[in-house]
Amino acid sequence: MQTEPTDRVRAMLGKIAELFEKDVYPLEPKFLGKSFRAMLPELARIRGRVKELGLWAPHLPVEQGGLGLRLSEFAHVSEALGRSPIGHYLFNCQAPDVGNMELLLHHGTDAQKAEFLAPLARGDIRSCFSMTEPDAAGSNPTTLATRAVKDGGDYVVTGRKWFTSSADGAAFAIVMAVTNPDADSPHMRASQIIVPTSTPGFRIVRNISVMGEPGDDYASHAEVDYDACRVPQTNLLGHEGAGFLLAQERLGPGRIHHCMRWVGICERAMDLMCRRAATRELSPGKPLGLKQTVQTWIAESRAEIHASRLMVIHAADKIDREGVHAAREEVSLIKFFVADVLQRVLDRAIQTHGALGLTDDTPLAYWYRHERAARIYDGPDEVHKSVVAKRILRGYGIEVKA
Ligand SMILES: Cc1cc2nc3c(=O)[nH]c(=O)nc-3n(C[C@H](O)[C@H](O)[C@H](O)COP(=O)(O)OP(=O)(O)OC[C@H]3O[C@@H](n4cnc5c(N)ncnc54)[C@H](O)[C@@H]3O)c2cc1C
């Protein structure tokens with residue numbers, strides 16, 4: 001397993017670091033705590049620069065306008081982009097679009113690729129993924145209530161979703177809906193269907209305030225009503241009843257993307273913490289870094305970030321070599337482990353900054369608000385720990401039921 005970036009990735013990382021210093025970090029103070037929509041013109045300018053530099057959509061194949069990186073290569077890029085809250089958006093590899101692009105790439109028909117993937121890959125439109133419902137446990141999506149019923153050549157989609165990230169301003173949603181309620185396996189009852197947001201019956205009820213932030217545009221989480229949304233049956237992704245299988249395939253690489261983004265956040269937080277520890281003097285000539293408590297935070301953070309990076313690269317490498325289903329345990333391990341490291345590193349960095357850490361003068365408070373969710377979305381910690389423990393116990397002859 002190659003743990004260090006390949007030569008081509010190393011060259012990219014140099015260009016990314018340069019761009020961040022020159023264009024991205026200076027924009028952060030304007031972005032933090034502000035409306036995302038108000039920032040779009042400035043973000044569009046930097047997106048143009050990313051295209052000029054030949055760094056656009058690093059996760060996509062060359063034929064789709066990307067760079068054709070393997071997942072274990074993209075992981076290093078995702079870490080570098082994670083150093084700024086706007087990094088992934090600027091390179092068109094932000095969630096949820098990145099997962100939707102991968103779904104369309106691997107399971108879309110030629111017509112779906114032309115209509116939905118191509119403009120998404122160019123960055124002309126955005127998209128969202130609509131699975132979680134207010135009245136069903138998101139941790140167990142076999143309980144979904146949203147239905148898609150065949151009528152003539154169409155599906156009619158009816159249901160209520162929430163936490164559909166980035167629905168505000170998206171051109172289409174990929175909706176998980178039950179199409180085969182009588183299938184024997186509860187995991188074969190739902191399908192993924194593309195619903196353009198211009199479809200009559202699609203309505204954003206509200207952008208949900210999360211940790212005090214109302215959110216707009218890409219930085220939003222919507223409650224969405226699907227009131228008999230009629231779309232052609234050709235908008236089905238993959239085959240009927242394959243919704244969970246596709247979701248699993250989407251979430252595997254998606255968790256690599258998230259975890260390496262979190263490693264990038266940790267590295268930036270670590271850098272800010274060390275700078276502050278070296279320059280903030282408690283008394284003349286006595287910087288904060290002389291305190292053993294701060295040294296312990298620095299050393300423990302370094303160890304935890306290093307372990308996280310290696311674990312994620314290992315999981316990405318396994319997906320590259322053996323496919324997403326073979327790496328189920330590794331993916332669950334990193335999901336709860338790195339999310340937890342992220343909380344601790346951010347907390348230590350904020351504590352080192354004192355009151356400054358709570359302001360929007362650094363990105364720490366933004367991340368502290370936004371990334372508490374890391375322990376919940378894409379499967380809460382407890383679900384992933386359960387997946388890992390059940391597999392281990394099976395080796396000891398115990399079959400643990402849900
Ligand atoms: C910021 C954010 C963005 C999101 N974006 C999207 C999106 O774009 N699209 C989308 O469809 N969804 C999205 N979600 C929803 C997310 O996937 C769900 O919140 C998640 O799956 C958990 O479901 P739930 O909130 O219904 O919690 P519940 O299922 O109600 O679970 C509540 C709690 O119960 C505990 N629990 C659950 N299962 C177990 C278990 N087996 N063992 C022990 N304890 C358990 C956990 O502590 C869990 O936090 C997002 C969520 C957040 C916070």
Side-chain angles (χ1 to χ4, degrees), residues 36 85 88-89 94-103 126-146 157 159-170 172-178 186 190-195 197 204-226 237 243-244 246-248 250-252 254-255 257-258 261-262 265 331-332 335-336 339-340 342-343 366-391 393 400-402:
F36 188 88
H88 284 75
Y89 177 80
Q94 68 285 355
D97 293 317
V98 63
N100 290 347
M101 285 188 231
E102 284 168 350
L103 267 178
R126 285 195 302 90
S127 65
C128 55
F129 186 77
S130 214
M131 178 156 86
T132 308
E133 300 179 356
D135 297 325
S139 311
N140 178 15
T142 59
T143 57
L144 292 178
T146 299
V157 180
R160 178 67 68 108
K161 300 285 186 182
W162 79 340
F163 279 90
T164 298
S165 297
S166 312
D168 182 7
F172 68 90
I174 296 181
V175 183
M176 273 282 273
V178 175
S191 303
Q192 297 197 1
I193 298 171
I194 304 168
V195 178
T197 55
I204 293 186
V205 179
R206 59 175 176 146
N207 279 336
I208 304 164
S209 170
V210 177
M211 302 295 266
E213 297 213 15
D216 68 3
D217 208 87
Y218 160 66
S220 64
H221 307 285
E223 181 166 348
V224 182
D225 191 34
Y226 294 88
L237 262 177
F244 284 102
L246 266 58
Q248 215 48 50
R250 181 184 188 277
L251 287 171
R255 286 167 183 146
H257 304 165
H258 275 311
R261 182 171 63 79
W262 300 338
I265 294 174
V331 167
S332 277
K335 174 62 179 56
F336 72 80
D340 203 29
L342 173 63
Q343 313 299 320
Y366 172 91
W367 277 320
Y368 196 74
R369 291 191 299 273
H370 281 249
E371 302 302 343
R372 175 60 181 83
R375 292 185 52 213
I376 293 175
Y377 59 68
D378 283 11
D381 287 359
E382 295 76 13
V383 172
H384 288 289
K385 288 180 184 176
S386 175
V387 166
V388 172
K390 279 182 194 166
R391 284 174 170 248
L393 287 170
V400 186
K401 300 279 177 225

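Order of listing sets the numbers, starting from 1, for every ligand and every atom in it.
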Residue that, paired with Phe129, satisfies side-chain contact (heavy atoms from CB on, under 4.5 Å) out of Asp97, Leu251, Leu103: Leu103
Tell me which one of [options] gets a heavy atom nearest to [atom].
atom                    : options                       : result
atom 24 (P) of ligand 1 : Ala222, Gly138, Ser130        : Gly138
atom 1 (C) of ligand 1  : Glu371, Met176, His221        : His221
atom 29 (O) of ligand 1 : Gly379, Ser220, Ser139, Pro96 : Ser139

I'd like to check whether [X] has a polar contact with ligand 1, where a contact means an N/O of the residue lying under 3.5 Å from an N/O of the ligand.
X      : result
Thr164 : no
Tyr377 : no
Met131 : yes
Phe129 : yes

Sub-4.0 Å heavy-atom contact, Val210 with ligand 1: no
Sub-4.0 Å protein heavy atom next to atom 3 (C) of ligand 1: yes
Non-hydrogen protein atom less than 4.0 angstrom from atom 33 (C) of ligand 1: no
Distance from [atom] to nearest protein heavy atom, with residue and atom:
atom                    : value
atom 40 (C) of ligand 1 : Val383 CG2, 4.2 Å
atom 13 (C) of ligand 1 : Phe163 O, 3.0 Å
atom 25 (O) of ligand 1 : Ile376 CG2, 4.5 Å
atom 35 (C) of ligand 1 : Glu382 OE1, 4.3 Å
atom 15 (C) of ligand 1 : Thr132 OG1, 3.2 Å

Residues forming a side chain to side chain contact (heavy atoms under 4.5 Å, CB included) with Leu393, sequence neighbours excluded: Ile398, Val400
Numbered atoms and elements of ligand 1 in range of Ala373, under 4.0 angstrom, heavy atoms: 1 (C), 53 (C)
Contact atoms of ligand 1, heavy-atom distance to Ser165 under 4.0 Å: 3 (C), 4 (C), 5 (N), 6 (C), 7 (C), 8 (O)
[X] side chain to [Y] main-chain N or O, any donor-acceptor pair under 3.5 Å?
X      : Y      : value
Thr197 : Ala170 : yes
Arg126 : Asp168 : yes
Glu133 : Thr146 : yes

Trace of the side chain to side chain contact (heavy atoms under 4.5 Å, CB included) decision for Trp162 with Arg206: CA-CA 9 Å; Trp162 79 340; Arg206 59 175 176 146; 3.9 Å; yes
Aromatic ring proximity Phe36/Tyr89, centre distance under 6.0 Å: yes
Residues Ser130 and Tyr226: side-chain donor-acceptor under 3.5 angstrom: yes
Any donor-acceptor N or O pair under 3.5 Å, side chains His258, Arg255: no
Salt-bridge contact Glu102-Arg250 (side-chain N to carboxylate O under 4.0 Å): no
Pairs where residues 377-386 contributes a residue and the test salt bridge (charged side-chain N to carboxylate O under 4.0 Å, His left out) is met, not counting sequence neighbours: Arg375-Asp381
